[in-house]
Amino acid sequence: LMAMDSGIGAKSDPFFEIRVNRNGKQLLVHRSLVKRKALKGTWEPFELDMNIIGDLDSPFKIIMRDWDADGTHDLIGEIDTCMRDLLHSWFEHALYKPGEGGENGRGVLLLDYIQPLPVAYQKQYPIALELHCSGNKL
């Protein structure tokens, strides 16, 4: 991931958000924990309810940010995707910053693996997945 903090040996404090567009507003679906002073990180697995995302082709954003104590949280980069992309391919995608063109060296998001939740959870969440994500420097 891109170093967003300044100074010698600068790093970032990355975290990511998954957001869907509902009625013209960005709805937060998931926010990861912050990885302090890192240029790459692996996050804990998390569950994603497909009833919130929509169908396999419903678009959503994965936004990587650099945590700042003042709450401004700088944008590292983002990707636009859908669940079909995540489920049917090896997922490694370069992050981009809107307005700067395509892949511009801001880092890469890797989806290590994705799996349906065990049958015991399916009564509570009929369509839910567990995702394992990591981010690296290009």
Side-chain angles (χ1 to χ4, degrees):
L1 298 172
M2 185 175 201
M4 300 297 288
D5 298 333
S6 59
I8 296 173
K11 305 250 186 216
S12 289
D13 304 304
F15 70 95
F16 67 91
E17 299 174 336
I18 297 177
R19 293 185 172 267
V20 295
N21 190 334
R22 292 289 184 266
N23 302 320
K25 295 184 179 183
Q26 292 290 317
L27 173 67
L28 178 65
V29 176
H30 176 78
R31 179 177 285 150
S32 73
L33 295 175
V34 175
K35 293 291 181 182
R36 304 287 284 181
K37 305 292 179 199
L39 290 178
K40 62 181 182 176
T42 300
W43 285 270
E44 292 296 318
F46 62 96
E47 297 172 6
L48 191 58
D49 186 344
M50 286 299 297
N51 292 317
I52 296 171
I53 294 292
D55 64 29
L56 289 176
D57 297 309
S58 296
F60 60 91
K61 287 186 180 290
I62 303 175
I63 304 165
M64 188 74 64
R65 298 187 185 278
D66 173 47
W67 180 87
D68 288 324
D70 65 5
T72 57
H73 310 317
D74 304 315
L75 176 66
I76 295 174
E78 62 185 55
I79 60 170
D80 295 300
T81 192
C82 66
M83 194 54 66
R84 187 177 305 278
D85 289 344
L86 300 182
L87 289 171
H88 295 290
S89 64
W90 167 258
F91 192 81
E92 180 175 318
H93 201 290
L95 297 165
Y96 73 93
K97 186 172 183 181
E100 289 186 1
E103 299 174 4
N104 48 30
R106 301 189 71 82
V108 64
L109 180 74
L110 302 152
L111 182 65
D112 299 326
Y113 66 89
I114 185 170
Q115 65 185 23
L117 288 173
V119 175
Y121 289 98
Q122 291 180 9
K123 291 179 184 171
Q124 185 177 3
Y125 303 105
I127 306 171
L129 303 165
E130 181 177 65
L131 293 100
H132 298 247
C133 296
S134 59
N136 286 313
K137 192 173 182 180
L138 284 176

Pairs meeting criterion side chain to side chain donor-acceptor pair (under 3.5 Å) with involvement of residues 18-30, two or more places apart: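 Every side chain to side chain donor-acceptor pair (under 3.5 Å) pair that includes a residue of residues 18-30, provided the two are not neighbours, is E17-R19.
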Any residue meeting salt bridge (Lys or Arg N to Asp or Glu O under 4.0 Å) with D57, in chain and number order, not counting sequence neighbours: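 D57 satisfies salt bridge (Lys or Arg N to Asp or Glu O under 4.0 Å) with R84 once adjacent residues are dropped.
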Minimum heavy-atom distance S58-C82, with the two atoms named: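 Residues S58 and C82, closest heavy atoms: O-CB, 3.5 Å.
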Closest contact, heavy atoms only, W43 versus P14: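 For W43 versus P14, the nearest heavy atoms are CZ2-O, 3.7 Å.
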Pairwise distance [atom1]([X]) to [atom2]([Y]) - rounded to 0.5 angstrom:
| X | Y | atom1 | atom2 | answer |
| --- | --- | --- | --- | --- |
| F15 | M64 | CZ | CE | 10.0 Å |
| D74 | D68 | CG | CG | 4.5 Å |
| D66 | I76 | CG | CD1 | 5.0 Å |

Donor-acceptor contact below 3.5 Å, side chain W67 vs main chain R36: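 Not a single qualifying donor-acceptor pair exists.
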D70 side chain vs T72 backbone, donor-acceptor pair below 3.5 Å: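 Pair found, side chain donor or acceptor close to backbone of T72.
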Which residues share a side-chain contact (heavy atoms from CB on, under 4.5 Å) with I53, sequence neighbours left out: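 With sequence neighbours excluded, I53 shows a side-chain contact (heavy atoms from CB on, under 4.5 Å) to I18, V20, V29, L48, M50, F60, given in chain and number order.
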Side-chain touch D13/K37, heavy atoms, less than 4.5 angstrom: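 Counting from C-beta outward, D13 and K37 do come under 4.5 Å.
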Hydrophobic cluster membership, L33 vs I62, 4.5 Å side-chain cutoff: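 No: no chain of side-chain contacts under 4.5 Å links L33 to I62.
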